[in-house]
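Side chains included, hydrogens not; waters and symmetry mates left out as well; all remaining heavy atoms used. The chain is numbered in sequence order, starting from 1.
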Amino acid sequence: MSEQVLYQEEHLARLSLVQWGKELYDQGLVKGSGGNLSIRLSDGTVLLTPTGFFLGHMTPECISRCDMQGNLLSGNKPTKEVPLHLAVYRTRPNVHAVCHTHSVYAVAYASTVEPGTVMPICTPSVAAKVGLVEVKGYAHPGSEQLGRFVEEGLQRSNAVLLANHGVVAVGKDMEAAVSMANEVENNAILLALGAGRLHILSEENVAHLLKKITL
């Protein structure tokens, strides 16, 4: 791949991180400097949102670029969650984008059930697009243990819930990853609003819908 093609790919990826960071910020799925995003480029390097920045206020120039060992190649200091993002790319070679949010309803749900719980599914799109979303236990932000939880949770799903922390969602591009994060948050909202009275999808219906998922 020529340098010009690689340059154009990186330029578009930086614009995508800025665009979807603002989308998440405007939707309220991230607040303050919480949450982080990344895109893996075809040369194996990874663009990540920088630490301390509001996702809604980024510019293409502020984005960090790291190698797969987590070494900073250019840009600002990256998010502390570099191990989490690299863990995704190691375990899911087909994934090119990671969206990590601290969305309120998803965090609340993941913090009120036991680790290992699979989130009940309310709508067909969650099963067909995301899959079965498991709640993993708490681990400190930026830790290798958190990365291991993410690896485990994404083996057969496009999203995982982290207790007392947030959502990690993945996709072929940032639009897809953000879509997965939205599906999880919307499902958590429905569960909260239903307050135990909501009719969730049956195991039979979920099994049928899971056949449509792309991992």
> Go through it in stages, so that I can follow the logic: the residues are E152 and V160, the test is side-chain contact (heavy atoms from CB on, under 4.5 Å), and I'd like the CA-CA distance, side-chain angles, deciding distance and then a yes or no.
CA-CA 9 Å; E152 294 167 4; V160 60; over 6 Å; no

> Using only heavy-atom distances, determine whether the side chains of N182 and N186 contain a donor-acceptor pair under 3.5 Å.
no

> Quick one about E185 and T101 (side-chain donor to acceptor, distance below 3.5 Å, no hydrogens or angles considered), yes or no?
no

> Could you pull out the closest heavy-atom pair between S42 and E9, with the gap in Å?
OG-OE1, 2.7 Å

> Could you tell me whether the side chain of K136 reaches within less than 4.5 Å of the side chain of V150, counting heavy atoms only?
no

> Could you tell me which non-hydrogen atom of E183 sits nearest to which non-hydrogen atom of S125, and how far apart they are?
OE1-OG, 2.8 Å

> Should the pair R14-E10 be classified as a salt bridge under the 4.0 Å nitrogen-to-oxygen rule?
yes

> Can you find a heavy atom in the side chain of M174 that is under 4.5 Å from one in the side chain of L17?
yes

> Taking C-beta and beyond as the side chain, do L162 and L84 meet within less than 4.5 Å on heavy atoms?
yes

> Any ring-ring contact (aromatic ring centres under 6.0 Å, His included) involving residues 153-187? Give me the pairs, sequence neighbours left out, ordered by first then second residue.
H100-H165, H102-H165

> With heavy-atom distances below 4.5 Å as the criterion, would you say the side chains of I200 and I121 are in contact?
no

> Which atoms form the tightest heavy-atom contact between I63 and M58, and what is the distance?
CD1-SD, 4.1 Å

> Could you check whether any side-chain heavy atom of T51 comes within less than 4.5 Å of a side-chain heavy atom of N76, counting everything from C-beta outward?
no

> For the pair C66 and L48, evaluate side-chain contact (heavy atoms from CB on, under 4.5 Å) and give the outcome as yes or no after the intermediate values.
CA-CA 8 Å; C66 293; L48 301 111; 3.7 Å; yes

> Could you grab the distance from atom NZ of K129 to atom CG of L209, nearest 0.5 Å is fine?
12.0 Å

> Looking at R65 and G75, would you say the former's side chain and the latter's main chain have a donor-acceptor pair under 3.5 Å?
no

> F149 and V168: same hydrophobic cluster, using ILVMFWY side-chain contacts below 4.5 Å?
yes

> Please check if V82 and V88 belong to a single hydrophobic cluster, counting links between Ile, Leu, Val, Met, Phe, Trp and Tyr side chain heavy atoms closer than 4.5 Å.
yes

> Quick check: do C62 and F53 have side-chain heavy atoms less than 4.5 Å from each other?
yes

> If you measure from OH on Y138 to OG on S143, what distance do you get to the nearest 0.5 Å?
7.5 Å

> If only atom types and distance count, is the side chain of N94 paired as donor or acceptor with the main-chain N or O of L215 below 3.5 Å?
yes

> Do V113 and L161 pass the side-chain contact (heavy atoms from CB on, under 4.5 Å) test, and can you show the C-alpha distance, the side-chain angles, and the key distance before you say yes or no?
CA-CA 11 Å; V113 299; L161 282 162; over 6 Å; no

> Without swapping roles, check the side chain of N187 against the backbone of C122 for a donor-acceptor pair under 3.5 Å.
yes

> List the steps and the verdict of side-chain contact (heavy atoms from CB on, under 4.5 Å) for M119 and L191.
CA-CA 9 Å; M119 181 185 242; L191 290 173; 3.8 Å; yes

> For V167 and S103, which heavy atoms make the closest approach, and how far apart are they?
CG2-OG, 3.9 Å

> Nearest heavy-atom pair of A169 and A177: which atoms, and what distance?
CB-O, 3.5 Å

> Contact between S157 and L132 at the side-chain level, heavy atoms closer than 4.5 Å - yes or no?
no

> Between Y109 and V118, what is the shortest heavy-atom contact and its length?
OH-O, 4.0 Å

> Assess, by modelled atom type and distance only, whether the side chains of E23 and Q19 contain a donor and an acceptor separated by less than 3.5 Å.
no

> If you count every heavy atom of other residues, nucleotides or ligands that lies below 6.0 Å from Y105 atom OH, does the total exceed 12?
no

> Quick one: are H140 and L146 in side-chain contact, heavy atoms under 4.5 Å?
no

> Suppose we screen for salt bridge (Lys or Arg N to Asp or Glu O under 4.0 Å). Which residues come up paired with E81, at least two apart in sequence or across chains?
none

> Is it true that, when you exclude R90 itself, more than 12 heavy atoms of the residues, nucleotides or ligands shown sit nearer than 6.0 Å to its CZ?
yes

> Spell out, as yes or no, whether a donor-acceptor pair under 3.5 Å connects the side chain of N158 to the backbone of T214.
yes

